[in-house]
There are 2 protein chains.
Amino acid sequence: MVVSREQIAAAALRHLNQSPTASMEEIARAAGVSRATLHRHFATRDELVSALGWRAMEYWERAQKQAGVAEAIESGDPRTLEAALHALVIGQAEIADEHGFTLTANSLLDDAALMRRIDELEELELKLFAACQRAGILRADLPVRWISNTLYGLLVAAVESLRRGDVARRDLSRLLLETFLRGTA
Amino acid sequence: MVVSREQIAAAALRHLNQSPTASMEEIARAAGVSRATLHRHFATRDELVSALGWRAMEYWERAQKQAGVAEAIESGDPRTLEAALHALVIGQAEIADEHGFTLTANSLLDDAALMRRIDELEELELKLFAACQRAGILRADLPVRWISNTLYGLLVAAVESLRRGDVARRDLSRLLLETFLRGTA
DNA sequence: CTAGACTGAGACAGTGATGTATCAATCTAG
DNA sequence: CTAGATTGATACATCACTGTCTCAGTCTAG
């Protein structure tokens with residue numbers, strides 16, 4: 001059967017999300033493909049992991065674009081900022097699966113170009129959070145980097161909740177946004 | 001120099017928090033001990049990781065006990081429940097370092113006895129959250145397991161914040177409790 | 001139908017980590 | 001001071017994974 005590079009990448013990510021140290025043999029099996037074929041698409045393990053990293057970045061960037069983050073920051077308008085913030089969080093929830101493994105894969109730390117890209121995307125989000133603080137949409141007494149890490153931590157919780165079946169997929173966006181903004185009390 | 005088993009375990013955990021796939025050689029060096037000595041204390045890598053898992057459970061259990069979780073649940077009194085909840089979250093923040101690695105070490109999934117212990121501790125926390133929901137201290141529109149996962153996710157964020165130097169240690173408890181209860185908005 | 005592309009299976013050497021063992025040096029309790 | 005315990009250094013066999021290669025079988029476009 002023909003399995004595209006994209007399909008293999010998706011299957012690899014799915015499997016690595018649950019078993020981050022899986023061997024190429026395991027990954028190949030999970031993708032329904034032989035180890036030889038896996039190596040034809042991704043010469044080395046590092047290349048595969050790196051590709052997954054870039055793939056996750058694309059999803060992330062797309063979520064930021066669709067939420068209109070950059071424009072909202074530029075406008076400075078409270079209602080625009082709030083809309084972008086909500087759209088971003090919901091967008092993150094929808095692509096949570098794409099981040100589970102890549103955000104904690106420490107072999108990616110060597111890929112300088114990728115790290116720069118991550119920093120850029122993170123930087124933009126920090127600017128959004130800071131603008132929201134100035135506009136009174138987010139609490140100003142929290143360090144902006146803590147807010148960013150909070151969202152990241154809640155994404156981890158979201159992925160875990162899906163994995164364990166604690167939460168239905170369709171409820172996830174609402175739960176994430178609600179909890180992020182208003183907490184649990 | 002004499003380095004106790006406990007000191008080695010602590011150093012191993014500290015290092016594995018940052019480098020979860022570190023070799024025995026690396027771990028030994030981080031603990032200021034030779035690989036031979038490390039193997040004398042922990043015959044195999046699995047044994048070491050398992051010991052760290054049990055160690056983390058002890059910290060967790062102690063935090064629950066000190067917070068008076070069981071008694072609060074039994075009492076059903078809102079103020080007692082709230083006090084226990086706050087004490088638990090703060091306690092978790094203080095031992096966040098002990099959990100960073102062990103909570104994501106998937107080799108622990110094989111240790112059935114340890115997993116049972118984890119389930120028990122988690123079960124007690126779920127009961128506390130449910131009691132808090134009934135007492136109006138926590139939102140009743142959130143699945144109790146989502147609340148539990150939220151706290152877990154925020155702990156991940158806390159460890160990450162400390163690791164990156166985004167947050168000072170002394171601010172952590174407050175940030176964690178505030179964010180857990182009231183969110184970022 | 002056929003040629004070219006793609007695949008799975010298997011063999012292979014190289015590499016790094018693991019766990020065990022030995023031995024000389026060092027520390028420490030008594 | 002001394003005997004026993006503990007340590008670091010080193011060597012060793014073993015193992016799993018990686019990356020490369022070959023070859024025969026299968027699929028597919030034309």
Side-chain angles (χ1 to χ4, degrees), chain A residues 1-56 100-102 104-114, chain B residues 1-56 100-102 104-114:
Chain A
M1 189 179 53
V2 176
V3 182
S4 72
R5 182 183 162 100
E6 167 59 24
Q7 282 176 305
I8 294 178
L13 181 62
R14 219 175 311 134
H15 192 254
L16 284 170
N17 270 340
Q18 311 225 353
S19 183
T21 60
S23 68
M24 292 294 268
E25 172 70 40
E26 271 185 288
I27 298 170
R29 213 178 319 140
V33 127
S34 74
R35 194 167 69 93
T37 299
L38 178 57
H39 270 292
R40 282 184 194 106
H41 284 287
F42 305 95
T44 72
R45 193 181 200 283
D46 277 355
E47 190 181 314
L48 168 62
V49 173
S50 175
L52 295 182
W54 284 102
R55 194 168 166 277
F101 162 69
T102 46
T104 56
N106 44 6
S107 66
L108 289 176
L109 299 175
D110 298 333
D111 191 331
L114 182 59
Chain B
M1 189 180 53
V2 176
V3 182
S4 72
R5 182 184 162 101
E6 167 58 24
Q7 283 177 304
I8 293 178
L13 181 62
R14 220 176 310 132
H15 192 254
L16 283 171
N17 270 341
Q18 312 224 354
S19 182
T21 60
S23 67
M24 293 293 270
E25 172 71 40
E26 271 184 285
I27 298 170
R29 213 179 318 140
V33 124
S34 74
R35 194 167 69 92
T37 299
L38 177 58
H39 270 291
R40 281 184 194 108
H41 285 286
F42 305 94
T44 72
R45 194 180 200 283
D46 278 354
E47 190 181 315
L48 169 61
V49 173
S50 175
L52 295 183
W54 285 102
R55 196 168 165 278
F101 163 69
T102 46
T104 57
N106 44 6
S107 65
L108 289 176
L109 298 175
D110 299 333
D111 192 330
L114 181 59

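Just so it is clear: chains get the letters A, B, ... in the order the sequence lines come, proteins before strands, and each one is counted from 1.
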Rounded to the Å, how far apart are R5(A) CZ and dC6(C) P? 14 Å
Sorted by chain and number, sequence neighbours left out, side-chain contact (heavy atoms from CB on, under 4.5 Å) with E47(B) holds for A43(B), T44(B)
Using the salt bridge (Lys or Arg N to Asp or Glu O under 4.0 Å) criterion, which residues pair with R29(B)? Sequence neighbours excluded. E25(B)
Calculate the interatomic distance between M24(B) atom CE and dA17(C) atom C1'; express it in whole Å. 10 Å
Please determine, for the side chain of R35(B), which listed nucleotide (dG8(C), dA17(C), dT20(C)) has the closest atom? dT20(C)
Look at the side chain of H41(B) and decide which nucleotide, out of dG19(C), dA9(C), dT7(D), has an atom nearest to it. dT7(D)
Looking at residues at least two apart in the chain, or sitting in another chain, which of them share a side-chain contact (heavy atoms from CB on, under 4.5 Å) with A30(A)? H15(A)
Atom NE2 of H39(A) and atom P of dC12(C) are separated, to the nearest Å, by 18 Å
For a quick test of reading the model, state the closest non-hydrogen atom pair linking L16(B) to R45(B) and the distance between them. CD2-NH2, 4.0 Å
Under a 4.0 Å heavy-atom cutoff, the residues of residues 46-55 of chain A touching DNA chain D are none
Mind checking side-chain contact (heavy atoms from CB on, under 4.5 Å) for A113(A) and listing every partner two or more places apart, or none if nothing turns up? W54(A), D111(A), R116(A)
CG of L108(A) to CG of D46(A): how many Å apart, nearest 0.5 Å? 9.0 Å
What is the distance from CZ of R45(B) to C1' of dT18(C), rounded to the nearest Å? 10 Å
CG/L38(B) to CZ/R35(B) distance, rounded to the nearest 0.5 angstrom? 9.0 Å
Just to verify, what does N17(A) make a side chain to side chain donor-acceptor pair (under 3.5 Å) with, not counting sequence neighbours? none
Would you please confirm or rule out a distance under 4.0 Å between OP1 or OP2 of dG8(C) and any side-chain N or O of T37(A)? yes
Roughly, in whole Å, what's the span from CG in L38(A) to C1' in dC6(C)? 15 Å
R29(B) CZ to dG8(D) P, straight-line distance once rounded to whole Å: 13 Å
Bend angle of the helix from dC1(C)-dG30(D) to dG30(C)-dC1(D), end axes from five pairs each (to 10°): 40°
For R55(B), salt bridge (Lys or Arg N to Asp or Glu O under 4.0 Å) partners two or more places apart: E6(B), E98(B)
side-chain contact (heavy atoms from CB on, under 4.5 Å) involving A56(B) - partner list, sequence neighbours excluded: T102(B)
S34(B): what forms a side chain to side chain donor-acceptor pair (under 3.5 Å) with it, not counting sequence neighbours? T37(B)
Measure from CD on E26(B) to C1' on dA17(C) and round the result to the nearest Å. 11 Å
Which pairs, protein N/O on one side and nucleotides 21-25 of chain D N/O on the other, fall under 3.5 Å?
none

